[in-house]
J.: 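Before I ask anything, let me first share the structure, which is written out below as structure tokens.
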Amino acid sequence: AQRVTQPEKLLSVFKGAPVELKCNYSYSGSPELFWYVQYSRQRLQLLLRHISRESIKGFTADLNKGETSFHLKKPFAQEEDSAMYYCALTSGGYQKVTFGTGTKLQVIP
Amino acid sequence: DTAVSQTPKYLVTQMGNDKSIKCEQNLGHDTMYWYKQDSKKFLKIMFSYNNKELIINETVPNRFSPKSPDKAHLNLHINSLELGDSAVYFCASSQALGQGANEQFFGPGTRLTVL
């Protein structure tokens with residue numbers, strides 16, 4: 001069975017401080033990992049995926065297969081980063097998707 | 001030009017009623033999903049359809065019945081609504097294959113309140 005764990009329900013940081021949102025997964029095969037973001041009263045949207053190895057809005061995430069982690073990082077938090085962040089894992093031909101429980105990021109001005 | 005749309009946006013109803021939520025995507029995707037987001041913001045997949053066929057059914061009470069008349073539509077019908085059904089329901093779609101596959105495109109959500 002596949003599982004995604006986000007240990008922090010709430011993460012509060014000051015503006016300008018570094019941010020790290022943790023995500024660990026368990027899956028026996030080769031997963032695809034994603035970070036989705038949900039701003040207040042908006043729909044979920046893709047932030048980034050591990051395949052792309054890109055930086056979006058200053059966020060990066062590296063897949064660490066040894067630690068089965070896909071932590072989301074940003075060196076300097078901004079107020080507009082305040083949102084719910086979900087880590088997600090997709091596997092298999094039928095794209096079974098498992099979301100973590102989400103972490104609410106609160107950036108304090 | 002909305003990619004994934006849902007109606008209604010808000011739904012307030014009494015316990016025991018039957019209601020439907022509609023979802024449409026104009027992205028040409030093959031796969032559509034229904035998710036439930038509860039008051040604690042937990043997001044859980046309910047169903048997945050690929051080309052109108054049910055692929056994933058995640059231990060959802062059989063009061064919930066998805067229907068896919070074509071691959072652009074996935075509707076959710078709920079019978080005998082219960083208080084615990086109150087949540088935000090999100091529809092999503094994704095490509096089956098190719099570049100960009102597996103990225104989920106979400107609808108705006110339907111906030112269901114059962115009184």
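Owing to the predicted nature of the structure, the values given are computational and were not obtained by experimental measurement. All chains are named by letter (A, B, ...) in the order of the sequence lines, taking the proteins before the strands, and each is independently numbered beginning at 1.
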J.: Would you mind telling me which of Gln45(A), Arg43(A), Gln42(A) has the largest number of heavy-atom pairs within less than 4.5 Å of chain B?
T.: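 Top option by heavy-atom pairs under 4.5 Å: Arg43(A).
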J.: Determine whether more than 12 heavy atoms belonging to other residues, nucleotides or ligands lie under 6.0 Å from atom CZ of Arg3(A).
T.: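 Counting neighbours around CZ of Arg3(A), 12 or fewer heavy atoms of other residues, nucleotides or ligands fall under 6.0 Å, so no.
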J.: Is Val97(A) close to Gln104(B) at the side-chain level, that is, under 4.5 Å between some pair of heavy atoms?
T.: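 SC-SC contact between Gln104(B) and Val97(A) confirmed.
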J.: Which members of residues 81-88 of chain A, sorted by number, sit under 4.5 angstrom from chain B on a heavy-atom basis?
T.: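 Listed by number: Met84(A), Tyr86(A).
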J.: If you count heavy atoms of other groups shown closer than 6.0 angstrom to CD of Glu53(B), is the number above 12?
T.: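 At most 12 heavy atoms, drawn from other residues, nucleotides or ligands, come within 6.0 Å of this atom.
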J.: Are Leu89(A) and Val37(A) co-members of a hydrophobic cluster defined by side-chain heavy atoms under 4.5 Å apart?
T.: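 Yes, Val37(A) and Leu89(A) fall within the same hydrophobic cluster.
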J.: For residues 64-77 of chain A, give me every residue with a non-hydrogen atom less than 4.5 Å from any non-hydrogen atom of chain B.
T.: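 At a heavy-atom separation under 4.5 Å, chain B is reached by no residue of residues 64-77 of chain A.
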J.: Nearest 0.5 Å, what's the CZ-CG distance between Phe105(B) and Leu46(A)?
T.: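 It is 7.5 Å, given to the nearest 0.5 Å.
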J.: Would you say Phe42(B) and Phe34(A) are hydrophobically clustered, going by side-chain heavy atoms of ILVMFWY under 4.5 Å?
T.: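 No, separate clusters.
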J.: Is there a continuous path of hydrophobic side-chain contacts, each under 4.5 Å between heavy atoms, that joins Trp34(B) to Leu44(A)?
T.: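 No, because Trp34(B) and Leu44(A) fall into different hydrophobic clusters, even though each may have its own neighbours under 4.5 Å.
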J.: What parts of residues 99-109 of chain A touch chain B if we use heavy atoms and a cut-off under 4.5 Å?
T.: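 So the qualifying residues are Phe99(A), Thr101(A).
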J.: Linking I/L/V/M/F/W/Y whenever their side-chain heavy atoms sit closer than 4.5 Å, directly or via other members, would Leu33(A) and Leu47(A) fall into one cluster?
T.: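 Yes: a chain of side-chain contacts under 4.5 Å links Leu33(A) to Leu47(A).
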J.: With hydrophobic residues grouped by side-chain heavy-atom distances under 4.5 Å, do Leu48(A) and Leu11(A) end up in a single group?
T.: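 Looking at the clustering, Leu11(A) is in the same group as Leu48(A).
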J.: With a strict 4.5 Å heavy-atom criterion, list every residue of residues 107-115 of chain B that contacts chain A, or say none.
T.: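 The residues closer than 4.5 Å to chain A, in numerical order, are Gly107(B), Pro108(B).
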J.: Search all heavy atoms of Phe90(B) against all heavy atoms of Gln38(A) and return the closest pair with its distance.
T.: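 For Phe90(B) and Gln38(A), the tightest heavy-atom pair comes out as CZ-NE2, 3.3 Å.
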